[in-house]
Amino acid sequence: MRIESVEPFLLHVPVTSGGIADGAHALEKWGAPGVRITTACGRVGTGYTGTHAHLPTDRAIALLIAEAYGPLLIGRDPREVRALWSDLAHHPPIRWVGRAGLTHLALAAIDVALWDLKAQEADQPLWRLLGGAADTRLEAYDTDGGWLDRDDARLVDEARLRTDQGYRSVKIKVGSEEPARDLRRVEAVREALPDGARLMVDANGSWDRARALEVGRRLAEFDVTWIEEPIAFDDLPGHVALARALSTPIALGEQLYTTDAFRDFIAADAVHYVQADAVRLAGVTEWWTVADLAHAHGKPVVPHIGDMMQVHLHLAWAHPACTLLEHIPWMRSCFVEPATVQDGRFVRPERPGAGTALRDEALERWGVRV
Ligand code: MG
């Protein structure tokens with residue numbers, strides 16, 4: 001089994017209702033720069049990362065895939081994925097320009113495609129190749145009803161709609177200019193949720209330390225499961241101080257790039273819920289290391305977005321630290337087997353591979369020239 005070609009692709013897919021906003025971002029489209037790796041026997045592995053559909057940086061990722069990493073893969077056996085990961089991650093001229101950032105997103109797409117090939121070759125869904133159990137119960141939590149630009153009435157309606165659909169956990173965005181607006185909305189959604197439902201909040205790093213302390217303390221009265229990214233995602237001492245001062249647990253990790261970064265946050269007890277993202281970490285290989293690290297410290301792993309990053313469904317299905325996975329259904333139309341939630345739980349994926357296989361129509365409909 002030898003790799004014959006490495007071809008990048010780029011999708012720009014519209015988000016819910018034509019646009020969303022949180023405390024730090026406003027988006028109309030989601031970007032998925034990715035790669036299709038084809039073997040000499042004609043098998044195709046697919047992997048992709050996630051972006052804000054910003055064409056210049058998406059093209060830079062595609063260029064790294066095709067011209068920096070691609071030549072290192074030609075002729076290699078994709079089943080040797082961990083060895084390949086080491087060779088690519090430590091290739092001196094690439095590592096010299098970035099052990100994080102664009103190079104890492106490109107490597108993530110490649111590593112996911114290699115695991116997709118390995119699982120296809122084994123004729124198993126990736127979760128089974130990784131040792132997961134068929135009867136795993138993986139709860140979904142919804143984020144797509146909780147955007148910061150929705151007015152209060154819509155926010156409450158969306159939360160009620162999700163719980164009517166069977167969700168037992170929802171997340172809403174905070175980080176408004178006025179903290180009073182955030183607190184008012186948290187209170188309104190908490191009152192609308194049935195008894196026992198979980199409510200999380202996500203500030204997307206939009207607060208400074210003082211604001212995070214002020215709002216975080218007041219959130220304690222609304223039984224919030226976690227506060228996500230209260231301050232800048234890489235502010236380690238700031239998160240240590242918040243984790244000590246607040247009674248509500250801290251969640252973060254969707255913007256951490258490396259095992260080293262997670263090691264430091266976990267060792268310092270600056271995070272309670274570890275949101276490792278396989279397409280910002282460099283793929284399945286590095287994600288599994290971080291999930292094991294969190295698990296060894298007794299911390300749950302809740303991957304960032306299970307639909308836009310389909311591989312997370314397989315990883316969360318297989319790893320013992322995962323019982324909960326985010327759901328934001330922006331890219332359902334792109335995949336042969338999209339992540340599906342029924343009665344608040346993910347449906348078990350059945351097709352061999354990592355869940356990343358694209359429908360032909362996806363490239364015709366949402367493909368952008370790289
Ligand atoms: Mg988040």
Side-chain angles (χ1 to χ4, degrees), residues 15-16 19-27 30-32 49-53 105 108 139-150 155 158-159 162 167 169-176 182 185-186 189 198-208 211-212 215-216 219 224-236 238-239 242-243 246 248-257 261-262 265 270-281 287 290-291 294 299-313 315-316 322 324-331 339:
V15 304
T16 301
I20 59 94
D22 60 34
H25 317 103
L27 300 181
W30 185 252
T49 184
T51 71
H52 289 186
L105 299 187
E139 189 181 334
Y141 79 85
D142 176 80
T143 296
D144 207 30
W147 301 109
L148 196 62
D149 57 344
R150 309 313 194 215
L155 191 74
E158 296 267 8
R162 297 311 192 282
Y167 283 92
S169 306
V170 299
K171 186 166 85 184
I172 67 169
K173 298 291 183 175
V174 291
S176 306
D182 288 336
R185 288 155 67 86
V186 171
V189 172
R198 281 189 290 200
L199 172 62
M200 300 80 142
V201 303
D202 184 358
N204 289 91
S206 59
W207 292 330
D208 60 23
R211 175 68 60 89
V215 183
L219 285 171
V224 170
T225 300
W226 74 58
I227 304 173
E228 182 170 325
E229 291 193 331
I231 55 177
F233 66 88
D234 53 358
D235 180 356
L236 176 58
H239 282 100
L242 284 175
L246 300 178
T248 306
I250 305 282
L252 61 83
E254 67 180 60
Q255 292 191 83
L256 296 181
Y257 285 93
F262 278 99
F265 271 84
V271 56
H272 300 96
Y273 290 89
V274 176
Q275 296 177 303
D277 185 338
V279 305
R280 186 174 299 272
L281 289 161
W287 184 95
V290 170
K299 294 179 186 292
V301 175
V302 188
H304 173 229
I305 309 177
D307 171 288
M308 287 141 62
M309 290 94 178
Q310 287 257 123
V311 70
H312 283 163
L313 177 54
L315 297 177
C322 298
L324 185 65
L325 180 62
E326 187 173 27
H327 188 233
I328 300 184
W330 291 343
M331 289 185 67

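Note that the structure is a prediction, hence the values are computed from the model and not measured. Both ligands and their constituent atoms are indexed starting at 1 by order of listing.
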Check: Can you say whether the rings of His312 and Trp287 are parallel (under 30°), tilted (30 to 60°) or perpendicular (over 60°)?
Finding: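 Judged by the thresholds at 30° and 60°, the geometry between His312 and Trp287 is tilted.
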Note to self: Parallel, tilted or perpendicular: which one describes the rings of Trp30 and His52, with boundaries at 30° and 60°?
What the structure shows: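 The rings of Trp30 and His52 sit tilted, inter-plane angle from 30° to 60°.
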Checklist line | CA sep, side-chain torsions, deciding dist, call: Asp202, Asp22, side chain to side chain contact (heavy atoms under 4.5 Å, CB included) | finding: CA-CA 8 Å; Asp202 184 358; Asp22 60 34; over 6 Å; no
Item checked: Asp202, N/O/S atom nearest the Mg ion (ligand 1) ->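 Closest to the Mg ion (ligand 1) among those atoms: OD2.
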Next item on the list: If you have a sec, read the angle at the Mg ion (ligand 1) from Glu254 atom OE1 over to Glu228 atom OE2, to 10 degrees.
Entry: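 Computed angle, vertex at the Mg ion (ligand 1), rounded to 10 degrees: 90°.
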Next item on the list: Please test Arg150 against Glu158 for salt bridge (Lys or Arg N to Asp or Glu O under 4.0 Å), starting from the C-alpha separation and ending with a verdict.
Entry: CA-CA 10 Å; Arg150 309 313 194 215; Glu158 296 267 8; 5.2 Å; no
Next item on the list: Tell me, please, if Glu229 has any N/O/S atom, main chain or side chain, under 2.8 Å from the Mg ion (ligand 1)?
Entry: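 Of the N, O and S atoms in Glu229, none lies under 2.8 Å from the Mg ion (ligand 1), which means no.
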